[in-house]
Protein chains: 2
Amino acid sequence: MIMPRYGDEECCDMRGLLGFLILFLLSKKPMHGQEIADELAKRRGDKPSPGTIYPALKSLKYAGFLREEEKVGKTITYSLTPRGMKAFHIAKRRFTRTFLGVLS
Amino acid sequence: MIMPRYGDEECCDMRGLLGFLILFLLSKKPMHGQEIADELAKRRGDKPSPGTIYPALKSLKYAGFLREEEKVGKTITYSLTPRGMKAFHIAKRRFTRTFLGVLS
DNA sequence: TCATGTATATAGGATATCCGATATATATAA
DNA sequence: TTATATATATCGGATATCCTATATACATGA
């Protein structure tokens with residue numbers, strides 16, 4: 001018996017969507033890591049730590065979904081590749097169908 | 001180096017939302033396990049296995065978010081408790097803000 | 001030059017989520 | 001009664017996700 005999967009008032013922590021959210025943000029406009037983290041902080045309520053955001057970016061880059069568009073100092077601006085756009089659209093379609101009706 | 005977090009065309013598997021989806025479905029109407037699994041199959045594309053759906057229901061019940069409304073044979077119909085509704089609305093608000101703009 | 005602030009990098013691991021395999025219980029039909 | 005279909009139950013573990021801690025690099029201002 002391990003159990004407690006859901007806490008006091010919260011029903012779930014909505015993991016598994018970080019990559020999707022990053023692709024979504026980059027589909028709007030190129031951004032760098034901290035910009036993305038700040039935007040996620042506004043949306044979710046908590047800011048992903050460096051140890052969260054950079055490995056995610058690395059994996060997405062490794063998958064060919066995004067590329068470094070510009071690098072000024074340590075600041076790396078990322079943008080979606082065509083492959084990344086395609087992946088985003090596939091995921092978005094699935095997302096839309098899955099959560100149809102949730103947003104009243 | 002372990003890496004590959006994202007596969008070929010897929011950007012993420014959207015875990016962490018099973019509990020949220022179950023609360024959402026039950027907020028519409030009382031359902032039993034298989035009904036929920038079938039509805040999720042239609043939405044997500046793949047049907048959660050018994051080993052997925054029943055432990056999830058158990059945890060949600062344990063958290064006080066749902067209760068057995070009726071039991072006919074082995075078929076247990078679940079419905080949200082007031083506490084479950086509250087948890088769902090909190091989660092929904094967060095969900096809405098997080099994914100604002102994703103559904104074009 | 002030194003201090004400070006900002007941005008990125010990564011190893012290692014804690015935790016959560018989910019699935020495969022298996023078992024049990026009930027109803028129905030042959 | 002036997003066979004079949006349906007629904008639920010649970011263990012154990014594979015895997016994914018994310019965070020803590022730590023380190024590095026660059027720019028700027030004192």
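If you're wondering where the values come from, they're calculated on a predicted model, not measured in any experiment. Every chain is numbered from 1, with letters handed out A, B, ... down the list of sequences.
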Seminar exercise, completed: Once base and sugar-phosphate atoms are separated, protein heavy atoms under 4.0 Å mark nucleotides 22-30 of chain D, 5' to 3', with B, S and - as --BBS----

How long is the straight-line distance from [atom2] of [Y] back to [atom1] of [X], given to the nearest 0.5 Å?
| X | Y | atom1 | atom2 | answer |
| --- | --- | --- | --- | --- |
| B:Met85 | B:Leu26 | CE | CG | 10.0 Å |
| B:Arg83 | B:Leu66 | CZ | CG | 11.5 Å |
| B:Ile22 | B:Ser27 | CD1 | OG | 12.0 Å |
| B:Arg67 | B:Thr77 | CZ | OG1 | 11.0 Å |
| A:Tyr78 | A:Lys71 | OH | NZ | 8.0 Å |

Please report the shortest heavy-atom distance between [X] and [Y], naming the atom on each side.
| X | Y | result |
| --- | --- | --- |
| A:Ala56 | A:Leu18 | CB-CD2, 3.8 Å |
| A:Leu100 | B:Phe24 | O-CZ, 3.8 Å |
| A:Gly101 | B:Lys28 | O-NZ, 4.2 Å |

For this session: With sequence neighbours left out, write down each residue that passes salt bridge (Lys or Arg N to Asp or Glu O under 4.0 Å) with A:Glu68, or none if nothing qualifies.
Result: A:Lys61

Starting from [atom2] on [N], measure out to [atom1] on [X] and report it in whole angstrom.
| X | N | atom1 | atom2 | value |
| --- | --- | --- | --- | --- |
| B:Leu17 | D:dC18 | CG | C1' | 15 Å |
| A:Lys71 | C:dT8 | NZ | P | 10 Å |
| B:Lys47 | C:dC19 | NZ | P | 13 Å |
| B:Leu18 | D:dA16 | CG | C1' | 15 Å |
| B:Ile76 | C:dT26 | CD1 | P | 11 Å |
| A:Glu68 | C:dA7 | CD | P | 16 Å |
| B:Glu70 | C:dT26 | CD | P | 16 Å |
| A:Leu57 | C:dT10 | CG | C1' | 14 Å |

Exercise. In chain order, what residues pass the side-chain contact (heavy atoms from CB on, under 4.5 Å) check against B:Arg97, with sequence neighbours excluded?
Worked result: none

For this session: Determine the contact category for A:Thr75: base if any of its heavy atoms lies under 4.0 Å from a base atom, sugar-phosphate if only primed atoms, P, OP1 or OP2 are that close, otherwise nothing.
Result: sugar-phosphate

Exercise. Of all the choices, D:dC18, C:dC19, C:dT10, which nucleotide is nearest to the side chain of A:Lys58 once you look at every atom?
Worked result: C:dT10

For this session: Between D:dT10, C:dC19, C:dT10, spot the one nearest the side chain of A:Pro55, thanks.
Result: C:dT10

Exercise. For the residue pair B:Phe95 and A:Phe95, does the interplanar ring angle fall in the parallel (under 30°), tilted (30 to 60°) or perpendicular (over 60°) class?
Worked result: parallel

Exercise. What are the residues of residues 27-40 of chain A, sorted by number, that bring a heavy atom to within less than 4.0 Å of DNA chain C?
Worked result: A:His32, A:Gly33, A:Gln34

Problem set entry | Toward the 5' end of DNA chain D, by each residue's nearest nucleotide, B:Tyr54 or A:Ile53 | B:Tyr54

Polar atom pairs (N or O), protein with nucleotides 2-5 of chain C, under 3.5 Å:
none

For a quick test of your reading: what N or O donor-acceptor pairs under 3.5 Å do the side chains of residues 31-41 of chain B make, sequence neighbours left out?
residue : atom : partner : partner atom : Å
B:His32 : NE2  : B:Glu35 : OE1          : 3.4
B:Gln34 : OE1  : B:Lys47 : NZ           : 3.3
B:Gln34 : NE2  : B:Tyr54 : OH           : 3.1
B:Glu35 : OE1  : B:His32 : N            : 3.2
B:Asp38 : OD1  : B:Lys47 : NZ           : 2.9
B:Glu39 : OE2  : B:Arg43 : NE           : 3.1

